[in-house]
Each structure stands twice: as structure tokens, then as C-alpha cells.
Amino acid sequence: MATETRPATGEDTTTEASAFEQLLDYGKDRGYKLDWLQPRETLGATLDAGRESGGLLLQDVDQGPFGQVPDFSDNLTGRPRGALERDNSPRVGNYPVRTKADVWLRNGAQLYEEAVQRQWSSATDVPWETLEELPDEIERAECQLATFLTEVEFVAGDVPGKWISYTSPDYYEPRMYLISQIMDEARHMDVFRKRALANGGGLMAQLNRIGAAGGVIDSARDFTEMSARLHISGEGSVLSLFRMGELMSYNEAEKSMYRLAASDESRHVAFGVMHLQYLAAADPDRKAEIHSYLDEIEMGLTAAADPQNPAVRGTDSNTSIAILMGGGADDQSLEDGQQMLLAVRQRQVKEYMQRVRVAGFGERFENGRANPVLEQYVRA
Ligand SMILES: [Fe+2]
Ligand SMILES: [Fe+2]
């Protein structure tokens, strides 16, 4: 076999273009098709973003044509954003989400990178050895709450899942962020399942209401509608509850379980807030529609927060929270627990209002659009 020296690109004596032509001829003579070796416009470029703080991040490398996000995507072939097209590629996706404003957010890559860096393990990051025998009614309440949360976390992972395959690969940042969220929700499902089973209790009854709540979120036909219901409303309320997790905890294992889950939930809520913020700025014509989703969310929020509502007061999850916060199932403890539960509900409403303001829809609290019952919780 004859050995020959392969021509190199970028030699001083010739231009890049003629070097590429030489390569094509070289391959053609030997039966190779080398047109894929065409240099991209970024060949030889150096990164102007640092690798020192936090390592090499997506936002550092996505420069030039790779960082250009189209307002509308006609990419139905799974082509990575910025890669060159091939005419004969099959259509692998028929993505309903092909408009940037419908799914985008500022700093989506950063949020994804943060999610990857902050993964934790329910096996080793929760000090399960601190679990000890609890009074029966406390253990049962803990297990009922853990059963409720396991079911809630299932919805939180299940619902965004399908939107990943609905979204054009040109918007890969929100897609990958949602993948990270699903990993987070799987971990939340497993940590609450472990709590139910780890201390001599067990999974208790499934909820008779959450099925319907999950169904409402899942019935959304639009990504932003889903995101408002899931990230702003559902996960917002769960985050507010987890932030008060110390009040429901009887040991370090439970405290760290709520604390670790809350740090993930704050990222999930941030995604929803930043997406709404982007949409409000990029496509203000959709604001009226978004306000109607918020109307619906507020109806559910005020009903769920109303301690006089027997449907709310009587749910297994609320009663179990009241028992845990009050310290027992006797009348006085339950009454104390109900008062603390009311504080949780107030916090949920206040934090919801703050998120809506940050998202760019705060005018509803000034112009009378918002549910008037919310005000009672702000003043309380
Ligand atoms: Fe979660
Ligand atoms: Fe979540």
C-alpha cells in the first residue's frame, strides 16, 4: 500500500478554500466523500467566556451561529441548533412548539447548568439514621403527607415530560432544563416514598383531589398555560410548603428532605417566572390570555387557602400537616396545627403574588383583575 502525505488545511501557502478543494480531490481520487470536512466559520475561534468560574458552561460555547435562536423554527429533523442541514434528513419530529416566545426564557442555559450542578442523592444526602420511633399518630400523619407528596411529585414529572418531545431542538435550553426537572421530580418521588416506608409506617391513602388537579394541569394545550399552572401555581405552593418544612419535621432527615427538595423547587418556579417574563416582553399580545390562566389559578389558590372551606379542612393532607405542625391529634394540637397551616396558606398566597409581579403581570393586583380574596391573605 502506498503511503502519501495527507494535505493539511490552513497551510500558510494557500487559502482555506483551496485547501478544502484539495481535500475533496484527494478523497475523490481514493473513493472517499470528504465534503463534510468543510470548515465552519468558527474554525479557529477562541472562547471569550471564562472556564474558571464554574467550568465550561453551555452559554460559554454557544457562540456565533450556534447561539442564534430563531424566532420561528422550521427544524423538524432533530438537527442540533447551528449544525448544517442535510437535504435528505427524515422528519423525526412534528413539534407543536416552534415559536421562540412560546417556550423561551432568558438564561435558560444557566438554569440548566445550575440544575446539573446541584443534583443530590436521597440515599446519601439525607441523614436517615436520625429517624427514630415517633408517636403513632405523628408517624401516620408523616406517612400520609409523604404519600400525598409522592403523588404530587409524580404529576410534576409526568406533565412536563411530553412537552420535551413537543419542542423544536432549536430551543434546546428549555428542553434540557425540563429534562433536569424530571430528574429532580423523580428524586422527590423517591425521597418521600422512602420517608413513608423507612420508619415503620408505609404508604397511606392516595388522594381523591390531586388526581383532578393533575388532570387540569395536564389538559393544557399550550406550553405557557401548562407552565403557569405547573411552575407558578402548583410548584409555587409546594415550594412555600417545603420552605416551612421545619415546622413539620421531627428529625434531621425530614428537615433535610424538605430543604433539599425546596432548593430544586425554587429552580422549577424560577423557570416558570422567567418564561412568563420573556413572553410578556416578546409577545405582549398574549398577555390578556395569560391573565385568564391566572384568574383560574387564583380561584384554586383561594379555595385551597380558605380554612373555612370544609373540602379543604377535611383533606387527609391538610389534616396530616395540622397534626404534624400542632404536635398531635388531640383537639388542642389540631387547633394549633390549623393555625400554623393557615400561616402556610398565607405564605403561599403572598409568594404567588410576588412571583406574578416579577413575571410582569403585577398590574392585575392594581387594576382589580386579581381575585379580591387574595388581599385578605396579604393583610393577615
Ligand atoms: Fe418536586
Ligand atoms: Fe418541582
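Count residues from 1 along the sequence. Numbering of ligands and ligand atoms starts at 1, following listing order. Since the structure is predicted, the reported quantities are computational estimates derived from the model, not experimental observations.
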Is there a ring-ring contact (aromatic ring centres under 6.0 Å, His included) between F192 and F242 once you walk through the steps? CA-CA 12 Å; F192 292 122; F242 287 172; 5.6 Å; yes

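Cation-pi check for R30 over Y26 is met; the charged atom lies under 6.0 angstrom from the ring centroid and within 45 degrees of its normal.
In this model, a donor atom of one side chain and an acceptor atom of the other lie less than 3.5 Å apart for D62 and Y172.
Residues L84 and R40 have side chains in contact (heavy-atom distance under 4.5 Å, counting atoms from C-beta outward).
Listed by chain and number, the residues in a salt bridge (Lys or Arg N to Asp or Glu O under 4.0 Å) with E173 are R81 (sequence neighbours excluded).
Under the 6.0 Å cut-off for aromatic ring centres, F271 and Y177 qualify, their centroids lying closer than that.
The number of protein N, O or S atoms lying under 2.8 Å from the Fe ion (ligand 2) is 4.
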